[in-house]
Amino acid sequence: MRILIVEDEPDLLRSIAQALREEGYAVDTAPDGEDGFYKAENYDYDAIVLDVMLPKMDGWEILKRLRKIKKTPVLMLTARDQTRDRVKGLDSGADDYLVKPFDLDELFARLRSIIRRSANKTTNVIEVGEIKIDTALRNVSLKEKPIELTAREYALVEFLALHRGEVVTRTQLYEHLFDENESSLSNLLDVHVSNVRKKLGVEFIVTRRGHGYCIE
Amino acid sequence: MKIFKSIKWRLQIWYGLILVVVLAGFGFTAYLLESNRQFHRIDDELQMRFGLIANALHRPPSRGSNADGQPFDRPPPDQLPDDGPPGQNSRPATEFHLPPEAAGSFDTDDPHHFYFIIQSRDGKEIARSANAPNPPPDMYSVNPLLRVNERPNLVGIQGVYAGGGVFFRRLPSGELVQVGCSVAPELKELHLIALKLAGFGSIILIFGLAGGWWFVSRAIRPINSISDAAAKISAGDLSQRINVAETESELGKLAAVLNSTFARLESAFAQQKQFASDAAHELRTPVAVILTQTQTALNRDRDAANYKETVEACQRAAQRMRKLIKSLLELARLDAGQEQMKRLQFDFSKTIADCVELIRPIADERGVKIISELPPLEISGDSERLAQVVTNLLTNAIQYNHEGGEARVKLESQNGLAILTVSDTGAGISAEDLPRIFERFYRADKSRSSGNTGLGLAICKAIVEAHGGTLEVSSEENVGTIFRVRLCT
């Protein structure tokens, strides 16, 4: 899962980014509105964490422009907690709204929730045959036995499971699993796929030659 | 009683009482005048008829008196009682004939018309007209209260007896002549007049009271709307205003004054609310930093460098909060007028020069040149506070400047005012932002990362205004901004 954070307070930006990376997300950051909008426009993020008060272009403006071209789930971060601000946020196309200061756990939960909703899933648990993926606890079990996966491996499984039945191209996988700072070595993805197959069975991820991967 | 506490009712009761007294006075006077007039008329008529009778008594019966006048029997003279003043030249009359010229004055058939009774000295009736009442009115039982003859040359009693006016007089010859008439028609008329007066008075009273009620209600209606609006405002709805239709009356003016007070109250409240919400808002971000930093750090074990980074970030956030809280307190004190400005004479140019020296390192770092023009100028004020203003304006002039730019500080004296100008060659402030830059927490660049609280200029303005001075700004985009402080010397 790849997430964009747009926030002008550097310390806050850094700590949210670090926390999300540790949760296994690929994270891009933008320190101001213009940069944020540019990135949101040019990459398909799984979710955007958007501050309202930003230099150059404020959160409302970014949201307004973005909604004309994309349905990327957006979580607004703001220091204003008056009802009319929240209503304004939700009405202008934000998927959720979080008031500063917030707990990181709540931020994670809300992010999971908006990502899940955008993939039309209603529960945290995705079952593929005997494999169970719990997106809230971020763990995977095979025949009720927990399987140890690295964060990147888990992200790969979760992304494919959320797009179950669809063929996911390698480019898509790169875009969603790696952030802008990582060099996307083409064989890195193959390594992750092969590791997941070793742990969960070869049949779990199907390769469509020339197209990409798929969970059926 | 509640009624007597209401201004409306009190006014109404006073008004009604005065009206009743005036109307009753007028009505009573009118009634008295009219009844006087009526009784005087009757008096005159009675006297005129008495004269006729008296003349006829002392004159031998004229010819033809038997034809027109009526003969009256007289009682024997020896039976006359000695109860009247005997006349000197009295000739006791034994019979009486109404002279023909007097006949028209007595309509003997009409019981309400004038009548006469003549009694001899001893009380025997000598003569009476046909319509005279029977028994005749007794001189001593006549109610003299209403009519006592006050004319000194007449000896007799005039009064009212059994609904009639009577006139008694004893003649010098000893006969007691009584002339009377019924005053029933006059009394009836007077009664009618009294009724009319009472009715007319009541109508005037009703109209007066109704008019007074209407007028008083209208006059105090603004009071009700004032109290309604004030009640709603005290209940917390500050947007309430008094609805004033007439603005010219005293109450209308009062309402207008109150309305403007309410408006100022509302805006002051709104400002205060905005300020509190802004302050909370400004504190949220550093708190969010501390929370996320610490939560991230505690999520798993980290190396020392990582912890150090977290602690440093927390420290920065805490410093920012401290700065913010300090500024907030300062503003709150300035607002409350608690911060007393010292009023000491000092050389303002020296203070400014000190500030310039203090800031020069920052300017050098940013590559901004400070040009100062500071002729000595004594002013009275709080040098420490004014130094704060100068430092703040200078910091802005450097911070929002470009490399190689200039910050100019100029002090001059003009018409007894000290004018300090701080100008820069920065990007300037847009026309949209310019009117708002003295607002609390207003930042033209919208970013929080600059480390400014957004209160600096608001504090400067408050300090200058506490000195009785003004702080103005003018700016042109891409040319620069000029701040001008005017202070009394």
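Residue numbering restarts at 1 for every chain, and letters A, B, ... go by the order of the sequence lines.
B/Tyr307 OH: more than 12 foreign heavy atoms inside a 6.0 Å radius. Within a 6.0 Å radius of CZ in B/Arg322, other residues, nucleotides and ligands contribute 12 heavy atoms or fewer. Summarising the local packing, CZ of B/Arg300 is surrounded by more than 12 heavy atoms from other residues, nucleotides or ligands at distances under 6.0 Å. Other residues, nucleotides and ligands contribute at most 12 non-hydrogen atoms within 6.0 Å of the CG atom of B/Asp301. Atom CD of B/Glu476 is surrounded by 12 or fewer heavy atoms from other residues, nucleotides or ligands within 6.0 Å. Heavy atoms from other residues, nucleotides or ligands lying under 6.0 Å from NZ of A/Lys70 number more than 12. Counted within 6.0 Å of NZ on B/Lys369, heavy atoms from surrounding residues, nucleotides or ligands total 12 or fewer; the atom is thus considered open.
Inter-residue side-chain proximity for A/Val99 and B/Arg284 is flagged as met; some heavy-atom pair is nearer than 4.5 Å. Between B/Thr285 and A/Met53, the closest side-chain pair of non-hydrogen atoms is not below 4.5 Å.
Note: B/Ala288 leads B/Ala297, B/Ala288, B/Ala317 in heavy-atom pairs under 4.5 Å with chain A. By number of non-hydrogen pairs under 4.5 angstrom with chain A, the leading residue of B/Val287, B/Ile290, B/Leu283 is B/Val287.
Using a distance-only test at 3.5 Å, with no hydrogens or angles considered, no donor-acceptor pair links the side chain of B/Gln295 to the main chain of A/Asp103. No donor-acceptor pair closer than 3.5 Å links the side chain of A/Arg14 to the backbone N or O of B/Ala313.
If you measure heavy-atom distances from B/Glu312 to chain A, you find no contacts under 4.5 Å at all.
Of all the heavy atoms in A/Asp11 and B/Arg316, the pair that sits closest is OD1-NH2, 2.6 Å.
The CZ atom of B/Arg302 sits 3.5 Å away from atom CD of A/Glu22, with the distance rounded to the nearest 0.5 Å. Taken to the nearest 0.5 Å, the CG atom of A/Leu107 stands 9.0 Å off from the OG1 atom of B/Thr292. Rounded to the nearest 0.5 angstrom, B/Thr296 OG1 and A/Arg21 CZ are separated by 11.5 Å. Atom CD of A/Glu106 sits about 11.0 Å away from atom CG of B/Leu291, to the nearest 0.5 Å.
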